[in-house]
Each structure stands twice: as structure tokens, then as C-alpha cells.
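Each chain gets a letter, A, B and so on, in the order its sequence line appears, and its residues count up from 1.
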Protein chains: 2
Amino acid sequence: MTEVPVDEIVRDCLAVRVRLIGRAVTALYDGALEPHGLTVAQVNLLAALGKVGPCPPSKLGEVLQLERSTVSRNLNLLQNRGWIEAVASDAKGMREVALTRAGQTKIRSVMPEWRQAQRQAAQLLGAPGVAAVQEVASNMGYPPDA
Amino acid sequence: MTEVPVDEIVRDCLAVRVRLIGRAVTALYDGALEPHGLTVAQVNLLAALGKVGPCPPSKLGEVLQLERSTVSRNLNLLQNRGWIEAVASDAKGMREVALTRAGQTKIRSVMPEWRQAQRQAAQLLGAPGVAAVQEVASNMGYPPDA
DNA sequence: ACACAAGTGTTGTATATACATCAAGGGGCG
DNA sequence: CGCCCCTTGATGTATATACAACACTTGTGT
């Protein structure tokens, strides 16, 4: 085999590795959160909303660096399940969203499983990996103020 | 605000950070590869296939740690575009796949853009980040022999 | 040979995500 | 006031991904 370009990609590609690690970490959290009927993407959207307080969807996209359309669809899921509500809207949709009482309670209820997944993820990444992840994310502006 | 559980998640969550970094890195490669009509997921599937040689789809799932169904659908895309072919199949589908001539040529053609994205990703991650990514992936068994 | 278990590919369904497009709103300017 | 542009939310389309269910293959044991 040993076709040169293919070897270079397999040997060095950062994307395949970052994506592999992302899938594994996501699976850790999603597995732990599964009894709650929430995914880690959903928990983080709820947490961002809880942190910044009632705001337009665009603000959440800014904070999490997600596309408008992604935020729109993920918010719909959470709204359908009653974890968030539109506190202002018009013909074109939600203008401002907020956690519901149920949503706040829900986040509190998932914390034990979230912490368990967080510990497993830290173990998977190792201390240098955890430090690097925090550092790179911080350089990318997450969290917003850090 | 400062609802305690929400603060803990925003402050510490490894998942939101790993996923954020994954989206950014993926966007770097996908943007660079876009003129070729390939995504980084597709390039890495082609590269894995080129590396291991003709093999059943399950082998690719093992190497890339992807679910069977994910491999199945991604292979279909590549087959429709002529980059891979089924060299053995039965009533239930592809039993063995291989790069086509066109697929081999294609991979060679994307290398300049792949290298450009690789440099940008290395810059985004920083030297410690790159080292951590390589180390963690290696501990997870990627690449298969390393 | 036969029956059953294990493995594998596909397909249905669901979420996460992005880009392009459309429609509605809001501001500024003549 | 009326018009244009920019922002923004939604929706169509596409890829990436996983889990569950189904179907076929294969291997194993008796």
C-alpha cells in the first residue's frame, strides 16, 4: 500500500483526531444524560441561556458560536419539551427566549450525571488534554468573558 | 443571574469546548476542501480506505471508530461520486470496498488544500494542543497501529 | 443437515450542524 | 413619509452521526 498522500493524512490529520475525540466525549455525556432525555448539546444550550439570561436567539449563537439555523432548531426542540419559552416573538418567530421554571429545575436535576461524564472526559483527555482544551476554547472566546 | 449549576457547566464543561473546537477545525478543512467537492469526513474515509486497502465496511468503522450505519451512508456518497467501488457485494450490500482510480487521483489532488487546512488547524490548536490531540487519539487507538 | 447464535450491511428515525434563501423588522436618509 | 439596506428568524436541503430494527451470512454444535 503506502500510497504517499494517504499515509500523510492518516499519520498527521488533526481533523480526524479532533473529530474522533469529539465523538467519544459527546458519547460520554450523551450516555450519562440519556436517562434525563437530554443531550449534551441541549444541556449546554440551556446552560448558556441560564447564564446570559433572557435574550434573543442570536445571542446564544454568538456565545456558543453556532449558526442561526442551528440555534433555531435546537431551541424548538427545547421549547416543545417545555424547558424554554419565547418571552417575545413576532410573525417571524422567537425574538427573545428564557428558561422556564421546568427548565431551571431540569438543569439542576442533571448535574450528578453531568459531573460523572465530566470526570470521565477529564480522564480520557488527561491533564494536558484538559488544559489544552480549556486554553484553546478560551482563545476562541469561550466562555464569552474569560 | 449566577444560578449555580449553570455557572459550573459554562465554566468547566469539557464537552462544549471539545465540540466548539471540533466545529471550528472541521470548518477550516471543509472550507479549504470545498472547491474539490469533498468534506474532511469524506477525505478521511477515503484515506483510511487507501491505507488499509480493499476491505469490508466494518473494517473502516473499526479504524475510524464510526458506527456501521454511518460508514454505510458515507460510503454510498463516495460510491455515487465514483471515488470508491464495491469489489464484492451480495443481497445485503457491499461486502468489500476499494478506492477507484478516480478516488486515488482525487486524494492526490486535494493534498495542497488539505495541507493548508492542517497548518491553520495547528495554529488554532497551538503546539500543546496539537501534542495533546495526537496523544489522546493515540491512546484511543488512532491510527490503528501507532 | 439443521438449527441457532453471532456478525454485518442497510434502512428508519432522530439529533447536530451548516449554507442558501426567504420573509419580516428596524434604521437611516432623502 | 417612503425607500433601501442590514439584521435576524425560519425553512429547505445536505452531510455527519448514532441507535434500533430488520435481513442475510456465516460459523458452530449436535
Side-chain angles (χ1 to χ4, degrees), chain A residues 15-16 18-31 33-34 36-46 48 55-62 64-81 83-84 86-97, chain B residues 15-16 18-31 33-34 36-46 48 55-62 64-81 83-84 86-97:
Chain A
V16 76
V18 166
R19 290 163 61 82
L20 174 71
I21 294 166
R23 289 194 299 274
V25 168
T26 298
L28 284 178
Y29 287 80
D30 282 357
L33 296 170
E34 192 248 16
H36 294 284
L38 280 176
T39 63
V40 70
Q42 292 163 7
V43 167
N44 277 300
L45 187 51
L46 290 173
C55 65
S58 58
K59 175 71 178 171
L60 298 174
E62 212 179 288
L64 295 171
Q65 299 177 41
L66 286 169
E67 233 273 328
R68 283 177 294 166
S69 59
T70 300
V71 174
S72 179
R73 287 177 222 261
N74 292 353
L75 286 177
N76 269 327
L77 264 178
L78 297 174
Q79 186 183 34
N80 292 340
R81 295 176 190 174
W83 312 134
I84 68 156
V87 296
S89 48
D90 63 16
K92 206 43 199 173
M94 308 188 204
R95 285 298 166 171
E96 192 174 15
V97 291
Chain B
V16 76
V18 166
R19 291 163 61 81
L20 173 71
I21 295 166
R23 289 195 299 275
V25 169
T26 298
L28 283 178
Y29 287 80
D30 282 357
L33 296 169
E34 193 247 17
H36 292 285
L38 280 176
T39 64
V40 70
Q42 291 164 6
V43 167
N44 277 301
L45 187 51
L46 290 173
C55 65
S58 58
K59 176 69 177 172
L60 298 174
E62 210 178 290
L64 294 171
Q65 298 175 42
L66 286 169
E67 233 273 329
R68 284 177 294 167
S69 59
T70 300
V71 174
S72 179
R73 288 177 223 262
N74 291 354
L75 286 178
N76 269 326
L77 264 177
L78 296 175
Q79 186 183 35
N80 292 340
R81 296 178 188 171
W83 313 133
I84 69 155
V87 296
S89 48
D90 63 15
K92 207 43 199 171
M94 308 188 205
R95 283 299 167 173
E96 191 174 16
V97 291

(request) Whole angstrom is fine here: how far is it from CD in B/Glu62 over to C1' in C/dG9? (result) 15 Å
(request) Measure from the side chain of B/Arg68, starting at C-beta and using heavy atoms only, and say which of D/dA16, C/dG9, C/dA16 lies closest. (result) C/dG9
(message) Regarding A/Arg73, tell me which of base, sugar-phosphate or nothing describes its non-hydrogen contacts under 4.0 Å with the strands shown.
(response) base
(request) For B/Arg19 and C/dA18, give me the distance from atom CZ to atom C1', rounded to whole Å. (result) 14 Å
(request) Using the closest heavy atom to pick a nucleotide of DNA chain D for each, name whichever of A/Ala27 or A/Lys59 lands nearer the 5' end. (result) A/Lys59
(message) At 4.0 Å (heavy atoms only), tell me whether B/Ser58 reaches a base, stays on the sugar-phosphate, or touches nothing.
(response) sugar-phosphate
(message) Between A/Arg81 and B/Pro57, which residue's closest nucleotide on DNA chain C lies nearer the 5′ terminus?
(response) B/Pro57
(request) Identify whether any heavy atom of B/Asp90 sits under 4.0 Å from a base atom; if not, whether one sits that close to sugar-phosphate; answer base, sugar-phosphate or nothing. (result) sugar-phosphate
(request) On DNA chain D, check which nucleotide each of B/Gln65 and A/Asn76 is closest to and give me the residue with the more 5' one. (result) A/Asn76
(request) Rounded to the nearest angstrom, tell me the gap between atom CG in A/Asn74 and atom P in D/dA10. (result) 12 Å
(request) May I have the distance from B/Ile21 (atom CD1) to C/dT17 (atom C1'), rounded to whole angstrom? (result) 17 Å
(request) Tell me, with the steps shown, if A/Leu78 and A/Val97 meet side chain to side chain contact (heavy atoms under 4.5 Å, CB included). (result) CA-CA 11 Å; A/Leu78 297 174; A/Val97 291; over 6 Å; no
(request) Check whether any side-chain nitrogen or oxygen of A/Arg95 sits under 4.0 Å from OP1 or OP2 of C/dA24, and answer yes or no. (result) no
(message) Does A/Thr39 reach a base, just sugar-phosphate, or nothing at all? Heavy atoms under 4.0 Å.
(response) sugar-phosphate
(request) Decide yes or no for B/Leu75 and B/Leu60: does some side-chain heavy atom of the first lie under 4.5 Å from some side-chain heavy atom of the second? (result) yes
(request) Mind checking A/Ser69 for me? I need base, sugar-phosphate or nothing, with any heavy atom below 4.0 Å counting as a touch. (result) base
(message) Quick check for you: among C/dA24, C/dA16, C/dA18, whose closest atom lies nearest to any side-chain atom of A/Gln42?
(response) C/dA16
(message) Categorize B/Arg23 for me: base, sugar-phosphate, or nothing, with a 4.0 angstrom heavy-atom threshold over every strand shown.
(response) sugar-phosphate
(message) If I take atom CD in residue A/Gln79 and atom P in nucleotide C/dT15, what distance separates them, rounded to the nearest angstrom?
(response) 15 Å
(message) Whether B/Thr70 contacts D/dA16 is assessed here as follows: a side-chain N or O lying under 4.0 Å from the phosphate OP1 or OP2. Is that the case?
(response) no
(message) With a 4.0 Å limit, can you tell me whether A/Ser72 has a side-chain N or O closer than that to the phosphate oxygens OP1/OP2 of D/dA10?
(response) yes
(request) Go through D/dG9, C/dA24, C/dT17 for me and flag the one nearest to the A/Ala41 side chain. (result) C/dT17
(request) Evaluate the side-chain proximity of B/Leu20 to B/Val16: yes if any heavy-atom separation is below 4.5 Å, no if none is. (result) no
(request) Decide yes or no for B/Trp83 and B/Leu38: does some side-chain heavy atom of the first lie under 4.5 Å from some side-chain heavy atom of the second? (result) yes
(request) Grab the CG-P distance between B/Asp30 and C/dT17 for me, whole Å please. (result) 14 Å
(message) Nearest to the B/Lys92 side chain among C/dA16, D/dA10, D/dC22, which nucleotide is it?
(response) D/dC22
(message) Rounded to whole Å, please give me the gap between CD in B/Glu96 and C1' in D/dT25.
(response) 16 Å
(request) Please check if atom CD in A/Glu34 has more than 12 non-hydrogen atoms from other residues, nucleotides or ligands closer than 6.0 Å. (result) no
(request) Provide, to the nearest angstrom, the distance between the CG atom belonging to B/Leu75 and the C1' atom belonging to D/dT15. (result) 14 Å
(request) To the nearest 0.5 Å, tell me how far B/Arg19 CZ sits from A/Leu64 CG. (result) 10.0 Å
